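See structure below.
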Amino acid sequence: MTINSKYKDTFCGHRILLIMILCLFGLWQSQSLRAQNATEKKGDKFYIDHADNLRHNQLEMPDVMIAKGDVRFRYKGMTLKCDSAYFNEKSNWFKAFSRVHITRPGGVNLDCQRLHYDGFGQMVHARGKVVVREPGRSLRCDSLDYNTASKVANYFGGRGTLVYNGNTVVADQGDYNTETHDANFFGNVVMYTPKYRITTPEAHGNTETGLVHVIGKSVIKTAKGEVVHTTDGTYNSKTDHMELNGRSTITSPKQDVEGDNIIYNSTTGDAEGHGNVKIVDKANNRTIIGQDVFYNEKTGHSNARGNVKIDDRKAQRVITGDEVTYNAKTGYSEGHGNVKIVDKLKQRTVTGRDLSYNSNTHEGTGEGNVYYIDYKGKHAFYGDYLHYTDSAAIAFGGSPGPVAKDFSQGDTLFVHADTISMKGFHMNTPQMYREIYGVNNVRAYRTDVQAVCGFVIANSKDSCMTMYDYPIVWSGTRQLVGDSIKAYMNDSTIRQAFVYGNAFSIEKLSGGKYFNQISSKDMRADFVKGVVRRVDAWGNVEVIYYHTDKDSTLIGHDYTETDTLRMFISPERRLQKIWMPKANGVISPMTQIPPDKLKLPHFELFDEVRPKDKNDIFRRAARKTSATVRNARVSLPPRQHIE
């Protein structure tokens, strides 16, 4: 039936409150107050379809209309059913009791045990087994409050379940803004979506953007097998973008990530961590540690800063430094600040301030105190700048300057020069050998032999060191000079030396006053255990030799001139035999040595030039005096090109 005029006015006064009720939790389409006022002016009416009893007693309940028994009324297609209802036009409130059911066109339903609307407070209160439904969305809870002004709905008083677009949220309490779609959930929150499952004490999110922010000890499990532990994290289910604050961890079939702050996207493969970060790439068998780490599991590119360590177990390579860039797919690595690259596969270690290396092209560079050690090839380089490949290297610059070390023999050979380079031949074959080149201010030290020159070539194939440009070689008490010198090494001692052009050999005898001397055009000296045992000389040979008795006392002086000389010397440094085709010579007792025969022409000792130990190879010292006749312009080998 149609309500009478008096009650019609009362119900009309509540038209707006019913609309607000039916807009509950954003499940109904909102209408503006302006549109409602326009409708009101057109005289829209409320209709009571049924009530077993409808009464009003001003004395018992002032200004309250009471409807009881199967109450049903309508407004613009919306209906409300309940067992009883109270209306107060003056105070602008409405209450419905028992089996309250509201429907609206479009499949929107609200069920509860009690419903109260406060028009002045603009609040809707639904209590007791509250269920709100519409296609694709539903809410079940014990108590629900909705503020029609702020458009915020709150549910509480027991576990509530919100289902929307295939997603489910279960929590002790929550609130939702029907305009902004912002939602907040509190108390043992569990969220289920097709992409993830979240358990958290507190969650904040937006049902439209898919963004969820969890607070407290939380666990996020994704459909891709990722498990996230965090106390402060944000996850976007639409983009798979994740940001975690506080100490957090991500474990997955492909990789594990932990850090104080983590940004991760499983779709793009980008991972970013800050503060004691550790990334374990299970798929590529790789671990990255640092204070700030940027990594993409799909491209293999990583960049890290602060106490960085990258352990690529697949490539058997470990890189540490203050800042490291590494890409396993391209093979490129770059480090800055106390960098160290350990290549276990190639048995190689490189340290320096700034290093770069490409394992695909096998090319690397370094700057700032670079130290390169090849344990397999048994050689090392040190310099301020280094460029190297698997078969070649060049080092120069810095203070005290570049050094090459060859420890393929029993003793280590240290070589310093302004520029040092190395070239390998027949790499990774049994015939492999290398040559080391030193240019300008070359100084070499090994316990049994020392040398200085302007240019040197050391060849591991025949253990030969060839010197040019005013070379000087020392072994024990013997000094050799010439235009060029070839010295052949044993494992721990010098084996043989060839001196070409202006050859001069000086052996210092005990006391340092007398010297055995040989001067010739060319010369050869054979050594046994570091002691010269045979000397051959050719061309304009001059010899000064001191004879000794059994206790090494000097007993005579021998001066000889010849064209060819061969001398055999005992281990005690006594002359055993001598061979010359023809000779002119004079033997003098020690007391009758002619003063002009104590030293041969062009006699020069370079004791101050001689390297004293491996640390003395950096010193610069003149290799000639005004009396030097050696020729520095002998034919040099062709310049080497380091690839």
Side-chain angles (χ1 to χ4, degrees), residues 449 451 464-467 470-488 490 493-510 513-549 552 554-590 592-606 627-631 634:
V449 63
C464 177
M465 187 166 62
T466 305
M467 291 157 280
Y470 298 103
I472 309 172
V473 175
W474 296 266
S475 179
T477 60
R478 187 174 299 276
Q479 171 189 290
L480 295 174
V481 300
D483 295 343
S484 64
I485 300 175
K486 283 183 177 287
Y488 293 88
N490 283 325
T493 60
I494 186 171
R495 173 170 55 91
Q496 195 174 63
F498 288 89
V499 185
Y500 302 103
N502 295 305
F504 206 125
S505 170
I506 301 175
E507 181 186 14
K508 184 183 296 186
L509 302 177
S510 59
K513 181 178 179 181
Y514 300 102
F515 306 89
N516 288 333
Q517 306 160 53
I518 303 175
S519 173
S520 63
K521 180 180 178 182
D522 301 310
M523 188 182 303
R524 165 184 165 176
D526 294 340
F527 296 80
V528 177
K529 295 182 179 180
V531 177
V532 65
R533 299 294 302 277
R534 171 177 168 173
V535 176
D536 292 78
W538 305 273
N540 301 321
V541 180
E542 291 183 86
V543 179
I544 292 179
Y545 195 84
Y546 291 87
H547 298 273
T548 61
D549 60 14
S552 300
L554 301 181
I555 58 176
H557 172 277
D558 189 340
Y559 171 80
T560 303
E561 295 179 358
T562 183
D563 185 69
T564 304
L565 170 72
R566 180 173 296 167
M567 299 175 61
F568 294 89
I569 304 169
S570 72
E572 296 79 19
R573 294 183 172 85
R574 289 195 296 270
L575 181 64
Q576 290 181 318
K577 59 181 178 179
I578 187 170
W579 176 86
M580 294 173 284
K582 59 179 180 178
N584 294 319
V586 177
I587 298 177
S588 305
M590 294 300 297
Q592 299 178 20
I593 302 173
D596 62 343
K597 300 303 181 184
L598 287 173
K599 295 179 181 178
L600 294 177
H602 312 301
F603 176 97
E604 292 180 292
L605 275 179
F606 293 93
T628 301
V629 298
R630 285 172 288 146
N631 182 8
V634 296

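It should be emphasised that the depicted structure is a prediction, and the values quoted were computed from it without experimental measurement. Starting from 1, each residue takes its place in the sequence as its number. Side-chain atoms are counted along with the backbone in the values below, which use heavy atoms only and exclude waters and symmetry mates.
A distance-only check finds a donor-acceptor pair linking the side chain of H557 to the backbone of K597 [under 3.5 Å]. The backbone N or O of I569 lies less than 3.5 Å from a partner atom in the side chain of R533, making a donor-acceptor pair.
A distance of 9.0 Å separates CG in L480 from CD1 in I518, rounded to the nearest 0.5 Å. Going from atom CZ of R524 over to atom CG of L565 covers 13.0 Å, rounded to the nearest 0.5 Å. The distance from atom CZ of R495 to atom OH of Y488, rounded to the nearest 0.5 Å, is 7.5 Å.
Contact record, Q479 with W474: OE1-NE1, 3.4 Å, taken as the closest heavy-atom pair. The two atoms that bring R478 and S505 nearest to each other are NH1-OG, 2.9 Å, heavy atoms only. Scanning all heavy atoms of the two residues, the minimum distance from I544 to F515 falls at CG2-O, 3.9 Å. Of all the heavy atoms in V532 and V535, the pair that sits closest is CG2-CG2, 3.7 Å. The shortest heavy-atom contact between F504 and M523 is N-CE, 4.1 Å. Contact record, S484 with P471: CA-CG, 3.8 Å, taken as the closest heavy-atom pair.
Between the side chains of Y545 and Q517, not a single donor N or O lies within less than 3.5 Å of an accepting N or O. Remark: the Q496 side chain and the D526 side chain contain an N/O donor-acceptor pair separated by less than 3.5 Å. A side-chain donor-acceptor contact under 3.5 Å links E604 and T628. A side-chain N or O of K486 and one of T466 form a donor-acceptor pair less than 3.5 Å apart. At a cut-off of 3.5 Å, with distance as the only test, a side-chain donor of D558 or T560 sits close to an acceptor on the other residue.
D483 and R630 are not joined by a salt bridge, as no carboxylate oxygen comes within less than 4.0 angstrom of a charged side-chain nitrogen.
The aromatic rings of Y500 and F498 sit parallel, their planes meeting at an angle under 30°, below the 60° perpendicular limit.
Between P594 and S588, some side-chain heavy-atom pair lies under the 4.5 Å cut-off.
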